[in-house]
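Notes to accompany the following structure.
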Number of protein chains: 2
Amino acid sequence: MTHFHDPTTCQSCAQRFASVFCKAKQEFISEINDQKICNIYKKGQTLFNEGSYPFGVYCINEGKVKLSHLGDDGKEQIIRLLRGGDVMGYRALLSGERYSASAIALEDTQVCFIPKELFISVLKNDTGLAFEMMKLLSDELHKAEVKLTHLAQKPIRERLAETLLFIKETYGYEADGITLSVRLSREEIANLVGTATESTIRLLSEFKKDGMVELDGKKIKILRQKELIKTANLQD
Amino acid sequence: MTHFHDPTTCQSCAQRFASVFCKAKQEFISEINDQKICNIYKKGQTLFNEGSYPFGVYCINEGKVKLSHLGDDGKEQIIRLLRGGDVMGYRALLSGERYSASAIALEDTQVCFIPKELFISVLKNDTGLAFEMMKLLSDELHKAEVKLTHLAQKPIRERLAETLLFIKETYGYEADGITLSVRLSREEIANLVGTATESTIRLLSEFKKDGMVELDGKKIKILRQKELIKTANLQD
DNA sequence: TAACATGCATGATTTTTGTCATGTTTTTAA
DNA sequence: TTAAAAACATGACAAAAATCATGCATGTTA
């Protein structure tokens, strides 16, 4: 079980992480600091569930979380990967709906919960934060549209390569500089790529044969990033 | 060439359409009314282009517009269909980026252009409108995430049925109550579904054979909506 | 430690989907 | 009005991807 530091104050947290809340005015940050509730979720635990009503937003202090969505036939689709500093639960809150996705801890994770009323009232009184939220939503929308296009137009081989690069961008490497610092099952990777688990397993083996990655159970090492980028066939 | 009424004032426009701007305070609506620039785009004309910088937002007064995104290999992916009352161009503006999609008129269309500075200043001074924008962005994000999941998990047959229903939801029927009131080429439908044009043509023929639709060039009539819904295999 | 469950891996096969080729129809423009 | 271009349609084929089956490894629990 991971050991966490004593819950940081939002003031120091805002310095450490690039959360949207950094941009809130000082007075509101201390108000948030007073009312926030810190919590620790163990690996595999659910923070909130698709279909239930939101009572606030969550800000990750430390840890990793997946946001996933169930397809009509019950298959998981992972729509976002979150890390320290990331906020979640705001989409449902802002559109006044139930959660459209579930949040599940990928490892032991410490989060702050900010009650709905406080979040809304701060947003109402802090235009700067409201603009940050709009920017955040716009960026997420952009990412979703790009992913949509890739899902529609790119073969699985390219999407898997892209997903590996995305995981690396999100969570980075371990100390050795080549091992992805998150452990995902093959099934989870498949649910991120949008394909069958077997296809993912097969293609990962191919990538290994091609010398692009090294596999050791859930440990994945990126050996040749440039080749991976070429395989992903990215424009940007 | 379609005939349009004289450009309506925003006051009357806001009543007629369910635009986000309805929710702005009266004083700002008249300010928008003073500064807006109305324009007519003919079918096929481009309102703005992916990659260029936004100078304001567009509000559709009357007409139909597609928002499309080019894939890395240059293939079009239609990411949204817009109608009267819909606003576009806000995503790029709010995230401070270039347009990530192009807007092209599907028929003769009248739009109001609202300059960037005005839009931002109204947004800064009208919290209600800011919340409406956040809600709009959240709703779009939700739709994108659902579409993403379907794209990843559903076969083309289901996605085509879903797309036909989506077109009907967006643009409705003509006076006869069964003909979709928009003319899209088979290629455009394919770029909405995320598949090859030939697959779309073939499946449309099958739907016709099954008695679900009737085809007359670009005119598509929905004969059995219930069957279509079943074919789309939708949960909601 | 044995028994079981779960995840990983791989082969064989089928299904789905895309691509290429060709002909027809419709639309557009000279 | 006619020629050219674009869109539609369909068959044949190839490629991509899913599914089913099986075995091995790993990890978990009684």
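Here is the naming used below: chain letters follow the sequence lines, and residue numbers restart at 1 for every chain.
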In whole angstroms, how far is the P atom of D:dA9 from the NZ atom of B:K209? 13 Å

Length of the line joining B:I201:CD1 and C:dG18:P, which is rounded to integer Å: 13 Å

More than 12 non-hydrogen atoms from neighbouring residues, nucleotides or ligands closer than 6.0 Å to NZ on A:K43, yes or no? no

Between D:dC8 atom P and B:K219 atom NZ, what is the distance in whole Å? 15 Å

For B:E140 and B:Y90: C-alpha separation, side-chain torsions, deciding distance, then whether side-chain contact (heavy atoms from CB on, under 4.5 Å) applies. CA-CA 12 Å; B:E140 289 301 330; B:Y90 55 87; 3.6 Å; yes

Please find out if less than 6.0 Å separates the ring center of A:F48 from that of A:F55. no

Which nucleotide, D:dC20, C:dC20, D:dC8, lies nearest any side-chain atom of A:E198? D:dC20

Between CZ of A:R183 and P of C:dG7 the distance, given in whole Å, is 17 Å

Rounded interatomic separation in angstrom, taking CG from B:L215 and C1' from C:dT25: 14 Å

Hey, are B:D210 and B:K230 close enough for a salt bridge, meaning a charged N less than 4.0 Å from a carboxylate O? no

Are the charged groups of B:E188 and B:K66 less than 4.0 angstrom apart, N to O? yes

Distance under 6.0 Å and angle within 45° of ring axis: B:K64 vs B:Y171: yes

Does C:dT10 have OP1 or OP2 sitting under 4.0 Å from an N or O in the side chain of A:S205? yes

The side chain of B:K218 is closest to which nucleotide in this list: D:dT19, D:dT10, D:dC8? D:dC8

Hey, what do you get for CG (A:L141) to CD (B:E145), rounding to the nearest 0.5 Å? 9.5 Å

Going through the distances and angles, do B:S138 and A:L137 end up as a side-chain contact (heavy atoms from CB on, under 4.5 Å)? CA-CA 7 Å; B:S138 296; A:L137 284 161; 3.7 Å; yes

So which protein nitrogen or oxygen atoms get under 3.5 Å of nucleotides 12-17 of chain C's nitrogens or oxygens?
from: C:dT17; atom 1: OP1; to: B:I156; atom 2: N; distance (Å): 3.0

Interatomic distance, A:K208 NZ vs C:dT10 C1' [rounded to whole Å]: 13 Å

How far does the helix from C:dT1-D:dA30 to C:dA30-D:dT1 bend, going by the axes of its first and last five pairs, to the nearest 10°? 50°

Working to the nearest 0.5 Å, report the span between NE2 of A:H150 and CD of B:Q77. 10.5 Å

Let me know the distance between CZ of B:R186 and P of D:dT10, rounded to the nearest Å. 10 Å

Once you round it to whole Å, what is the distance between C1' of D:dA7 and CD1 of B:I220? 13 Å

